[in-house]
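Report on the following structure.
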Amino acid sequence: MKFGKRLKQQIQESLPEWRDKYLSYKELKQLIGSISEAPTLSEYAKAEDEFLYLLNNEIDKFNGFFMEKEEDFIIRHKEIQQWIKRVVDLWGPNGSRPSEADYKEEMAKIRRAIVDFHGEMVLLINYSNINYTGLAKILKKYDKRTGGLLRLPFIQKVLEQPFFTTDLISKLVRECESIIDAEFPAEEESERAREATIVAGEGIFRNTVAALLTMQEIRNGSSTQSPFSLPPLNLPDSDLIQSIQLNAAVPIV
């Protein structure tokens with residue numbers, strides 16, 4: 001699948017409030033055409049200025065959105081930890097220990113909150129991946145169509161941008177997986193797989209399945225690999241993610 005179609009599909013499969021935050025790939029591609037087909041030097045310079053202006057605005061857009069989500073995720077991670085502590089204290093040896101039914105209901109709420117939170121973070125990592133890949137491809141087109149040498153210096157700039165740096169989010173993803181494994185151990189692997197299939201068809205995790213498949217496609221080896229390509233994807237090790245990928249019978253639309 002060509003990248004433009006893949007990006008369009010990914011935007012459609014993303015959360016509604018995220019859809020205007022992705023790379024304006026089509027507009028940038030059209031501007032490259034305007035540059036390469038400009039009949040005069042003044043029109044060439046005007047089209048090039050428009051291209052560079054939009055390109056830099058896109059970086060600002062990615063950074064603003066990514067940092068806003070990153071800050072939100074840090075807060076939510078702490079809130080989930082505090083929520084678990086309150087429940088443990090309440091039902092612990094020195095707590096008031098309400099009914100077992102209330103405990104199970106509260107823990108079910110916590111688990112679902114963690115699963116949704118985990119899914120959103122995977123979506124943000126995919127957001128970083130696919131926008132970086134789009135930038136690398138659009139800059140390659142620019143160099144090829146115009147004879148310029150913009151890709152290398154611009155990509156070096158991109159590698160230092162906040163939206164490209166996903167280490168903190170990846171750390172929070174792993175911590176969420178550890179919480180799921182520690183607080184909600186599956187009694188049987190088949191039960192975990194059954195639950196994952198159900199979750200994969202609902203809410204945020206439906207989008208997460210699509211994001212994982214997209215990340216796998218754009219980061220695994222292909223004939224288009226280059227020094228500007230992302231490394232192969234190392235998928236999360238949690239049983240939840242593995243089961244969702246293997247058992248997501250519900251089509252992603």
Side-chain angles (χ1 to χ4, degrees), residues 3 6-7 10-11 13-15 17-18 21-23 55-56 58-84 113-139 151-183 204-205 207-222 225-242 244-245:
F3 180 80
R6 183 190 296 132
L7 176 61
Q10 182 59 51
I11 292 172
E13 291 168 345
S14 187
L15 300 174
E17 63 269 25
W18 291 37
K21 308 301 181 183
Y22 285 85
L23 179 69
L55 197 62
N56 283 295
E58 292 294 278
I59 299 297
D60 291 340
K61 178 176 72 177
F62 301 156
N63 285 337
F65 179 72
F66 187 91
M67 289 188 293
E68 179 183 345
K69 299 304 295 185
E70 188 176 58
E71 183 178 354
D72 176 57
F73 290 161
I74 292 170
I75 294 170
R76 287 169 63 184
H77 182 257
K78 290 180 180 178
E79 289 175 344
I80 287 173
Q81 289 178 313
Q82 292 168 354
W83 189 2
I84 292 172
I114 295 172
V115 168
D116 282 349
F117 178 44
H118 181 282
E120 281 192 63
M121 290 192 292
V122 172
L123 288 176
L124 190 64
I125 293 173
N126 178 61
Y127 173 84
S128 171
N129 287 183
I130 200 164
N131 284 310
Y132 168 81
T133 301
L135 284 171
K137 288 184 177 295
I138 207 70
L139 289 165
R151 180 163 61 151
L152 179 58
F154 203 90
I155 287 296
Q156 288 175 335
K157 172 185 173 181
V158 168
L159 297 181
E160 299 174 354
Q161 299 302 310
F163 88 90
F164 184 78
T165 308
T166 60
D167 291 351
L168 175 58
I169 301 300
S170 296
K171 178 175 178 289
L172 293 178
V173 166
R174 290 192 297 272
E175 289 181 7
C176 273
E177 292 167 0
S178 296
I179 291 173
I180 291 173
D181 292 339
E183 302 294 339
I204 292 169
F205 239 84
N207 305 101
T208 307
V209 174
L212 283 166
L213 294 175
T214 299
M215 282 194 286
Q216 190 170 30
E217 183 179 354
I218 67 176
R219 295 186 68 161
N220 282 359
S222 72
Q225 289 291 296
S226 77
F228 301 100
S229 300
L230 290 161
L233 176 65
N234 292 319
L235 294 175
D237 294 328
S238 74
D239 292 338
L240 184 62
I241 289 294
Q242 298 285 343
I244 283 173
Q245 287 194 293

Task: Evaluation steps, side-chain contact (heavy atoms from CB on, under 4.5 Å), between W18 and F65 - done: CA-CA 9 Å; W18 291 37; F65 179 72; 3.5 Å; yes
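- Between S170 and I125, the shortest heavy-atom contact is OG-CD1, 3.7 Å.
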Open item on the list: Pair F66, I169 - check side-chain contact (heavy atoms from CB on, under 4.5 Å), show working.
Closed with: CA-CA 10 Å; F66 187 91; I169 301 300; 4.1 Å; yes
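- With hydrogens and angles ignored, the 3.5 Å screen pairs no side-chain donor or acceptor of N126 with any backbone N or O of V122.
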- [ ] Applying side-chain contact (heavy atoms from CB on, under 4.5 Å), run through H118 and I179 and close with a yes or a no.
- [x] CA-CA 11 Å; H118 181 282; I179 291 173; over 6 Å; no
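- The 12-atom threshold is not exceeded at CD of E71, counting heavy atoms of other residues, nucleotides or ligands nearer than 6.0 Å.
- Side-chain N or O atoms of K61 include one that pairs as donor or acceptor with a backbone N or O of Y22 at under 3.5 Å.
- Contact record, Y132 with V158: CD1-CG1, 3.7 Å, taken as the closest heavy-atom pair.
- Rounded to the nearest 0.5 angstrom, I80 CD1 and D116 CG are separated by 9.0 Å.
- To the nearest 0.5 angstrom, N131 atom CG is 3.5 Å from F62 atom CZ.
- Taking the side chain as every heavy atom from C-beta outward, L7 and T133 never approach each other to under 4.5 Å.
- Atom CG in L124 sits 8.5 Å away from atom OG1 in T166 (nearest 0.5 Å).
- Atom NZ of K21 is separated from atom CZ of F163 by 15.0 Å, given to the nearest 0.5 angstrom.
- For E175, the salt bridge (Lys or Arg N to Asp or Glu O under 4.0 Å) partners are K171, not counting sequence neighbours.
- Using a 4.0 Å cut-off between a side-chain N of Lys or Arg and a carboxylate O of Asp or Glu, E177 and R174 do not qualify as a salt bridge.
- For K69, the salt bridge (Lys or Arg N to Asp or Glu O under 4.0 Å) partners are E120, not counting sequence neighbours.
- Nearest approach of I114 to C176, heavy atoms of both residues: CG2-O, 4.1 Å.
- By the 4.5 Å heavy-atom criterion applied to side chains, T165 and E70 are not counted as neighbours.
- Taking CD1 from I74 and CZ from R76, the interatomic distance works out to 12.5 Å, rounded to the nearest 0.5 Å.
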Open item on the list: F117 vs M121, test: side-chain contact (heavy atoms from CB on, under 4.5 Å). Steps then yes/no.
Closed with: CA-CA 6 Å; F117 178 44; M121 290 192 292; 3.6 Å; yes
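- Q161 pairs by the side-chain hydrogen bond (donor to acceptor under 3.5 Å, both in side chains) definition with N63, not counting sequence neighbours.
- One distance of note links CG of D60 with CG of L55; it measures 10.5 Å at 0.5 Å rounding.
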